[in-house]
Participant: 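Starting off with a structure, shown below.
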Amino acid sequence: MSDLSRTVPQEQLPSEDLHPLPMPVINLGHLSLDSATRSRVVNDIAKACHGLGYFQVINHGIGQSVMDCAVKAASDFFELPNEAKEEFSSEDLRQPVRYDTSSKDSISMSRAFLKHYAHPLSDWIQYWPQKPPIYREYMGKYAAEVRRVALQLMEAMLEGLGLGKEYLDEKFQEGSQLLSVNCYPKASQCDTTIGLAPHSDYGFLTILLTSCRGLEVVDRSSNIWKTVQQLPHALHVHIGDHMEVLSNGRMKTVVHRALLNPEEARISIASIHGFALHEKVTCAKELVDEENPPKYKESSFSDFLDHLTANMDNKHRNFLDGLRM
Ligand SMILES: O=C(O)CCC(=O)C(=O)O
Ligand SMILES: [Fe+2]
């Protein structure tokens with residue numbers, strides 16, 4: 001992840017959320033209807049990606065019980081005694097599973113997290129926690145389902161960019177999926193109101209499932225932090241750094257943060273989708289011409305991990321800024 005808004009210093013952004021956030025809601029089931037309906041949905045997704053960088057999806061085909069079970073698996077994991085969780089502690093960002101808390105990580109103000117790879121599931125699931133006993137089954141089911149949604153969305157976004165839905169198909173099929181499973185305490189238990197400091201996600205897109213309210217995004221038109229309302233059965237989607245690169249700046253990464261919820265402890269599961277570890281992401285050549293020269297250097301997920309490792313103690317560790325030409 002890279003952090004901070006590039007347009008306005010974060011500390012100057014008003015945090016009062018007095019205005020409702022525009023939240024496009026996409027009915028994903030309509031993508032597989034007739035071609036006119038599909039085109040309309042592709043246009044709606046493109047509009048949301050260009051204007052805002054985020055939207056929510058409903059009718060995505062993931063059952064509520066699958067989502068609830070993933071949240072339960074996460075919640076049961078974080079309730080384990082510290083020794084069981086710390087088995088997964090590591091300073092090495094390339095470990096297949098990694099547990100950390102705010103005491104060791106510079107952007108987590110008040111968050112415990114478990115990060116692990118999830119695709120191909122059969123390669124990674126063996127490293128996932130065995131406690132609680134339901135973890136692998138419940139989280140594995142959700143991971144596979146949310147990846148299907150990510151591929152559908154990726155196709156639609158590529159189509160919306162005029163690149164065609166089969167564009168780089170193999171690289172997306174073989175791409176990586178990182179699950180960031182987060183646990184935030186109830187606000188009253190902390191002396192901070194922020195769980196996770198402002199940052200953007202490195203991948204093409206992130207799909208977020210949360211147990212309750214807490215996510216905020218910077219609204220580009222007003223530069224105000226806006227609370228994201230979680231609609232029932234919906235998943236929140238936002239654009240990441242590598243989508244900004246691939247689209248040569250037509251789509252912009254979304255700066256977001258997590259506030260602590262005043263009423264309850266909060267679980268969120270961010271599924272971040274990118275290319276395979278060493279596969280470079282470049283500006284799509286179809287989106288580069290004399291008027292639009294390439295705006296970003298090529299980079300891979302591995303380059304991002306190197307960048308984070310080198311900037312571990314630094315709160316200003318924006319990955320995308322280093323890619324700008
Ligand atoms: O907890 C949230 O709402 C956001 C989590 C997040 O941004 C992340 O894991 O990258
Ligand atoms: Fe994030």
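Numbering of ligands and ligand atoms starts at 1, following listing order. Nothing fancy with the numbering, it's 1 onward along the sequence.
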Participant: In terms of side-chain heavy atoms, does Asp303 have a donor or acceptor partner in Ser300 at a distance below 3.5 Å?
Facilitator: yes
Participant: Suppose I only count heavy atoms of Leu208 and a 4.0 Å limit; which atoms of ligand 1 are within that range?
Facilitator: 3 (O)
Participant: For ligand 1, does Thr206 get within less than 4.0 Å through its side chain, its backbone, both, or neither, judged by non-hydrogen atoms?
Facilitator: neither
Participant: What residues form a side-chain hydrogen bond (donor to acceptor under 3.5 Å, both in side chains) with Gln177, not counting sequence neighbours?
Facilitator: Ser271
Participant: Of the listed options (Arg266, His238, His236, His199), which comes nearest to atom 3 (O) of ligand 1 when hydrogens are ignored and any heavy atom counts?
Facilitator: Arg266
Participant: Is the Fe ion (ligand 2) under 2.8 Å from any N, O or S atom of His256?
Facilitator: yes
Participant: Ring-plane angle category for His256 and His238, please: parallel below 30°, perpendicular beyond 60°, tilted otherwise.
Facilitator: tilted
Participant: Near Tyr184, which atoms of ligand 1 are under 4.0 Å from a heavy atom of that residue?
Facilitator: 1 (O), 2 (C), 4 (C), 5 (C)
Participant: Could you tell me whether Phe113 approaches ligand 1 through its side chain, its backbone, both or neither, with non-hydrogen atoms closer than 4.0 Å?
Facilitator: neither
Participant: Who pairs with Lys47 by side-chain hydrogen bond (donor to acceptor under 3.5 Å, both in side chains), at least two apart in sequence or on another chain?
Facilitator: none
Participant: As an exercise, identify every atom of ligand 1 less than 4.0 angstrom from a heavy atom of Ala270.
Facilitator: 8 (C), 9 (O)
Participant: Tell me, yes or no, whether the heavy-atom count around Glu137 atom CD, taken from other residues, nucleotides or ligands under 6.0 Å, exceeds 12.
Facilitator: no
Participant: Would you please classify the geometry between the Phe275 ring and the Phe204 ring as parallel, tilted or perpendicular, with 30° and 60° separating the classes?
Facilitator: perpendicular
Participant: Show me which atoms of ligand 1 lie under 4.0 Å from any heavy atom of Ser180.
Facilitator: 9 (O)
Participant: For atom CD of Glu170, decide whether the heavy atoms of other residues, nucleotides or ligands shown that lie under 6.0 angstrom number more than 12.
Facilitator: no
Participant: Any N or O on Asn182 sitting closer than 3.5 Å to an N or O of ligand 1?
Facilitator: yes
Participant: Which word best sums up how the rings of Tyr99 and Phe78 line up, parallel for under 30°, tilted for 30 to 60°, or perpendicular for over 60°?
Facilitator: tilted
Participant: Please give the atom name: the N, O or S atom of His199 nearest to the Fe ion (ligand 2).
Facilitator: NE2
Participant: Using a strict 4.0 Å cut-off to heavy atoms of Ser268, name the atoms of ligand 1 that fall inside it.
Facilitator: 1 (O), 2 (C), 5 (C)
Participant: Can you name the atoms of ligand 1, numbered from 1 with element, that are less than 4.0 Å from a heavy atom of Leu196?
Facilitator: 5 (C), 6 (C), 7 (O), 8 (C)
Participant: Considering just N/O/S atoms, say which atom of Asp201 is closest to the Fe ion (ligand 2).
Facilitator: OD1
Participant: Say whether His30 and Asn59, considering side chains only, have a donor N or O and an acceptor N or O under 3.5 Å apart.
Facilitator: no
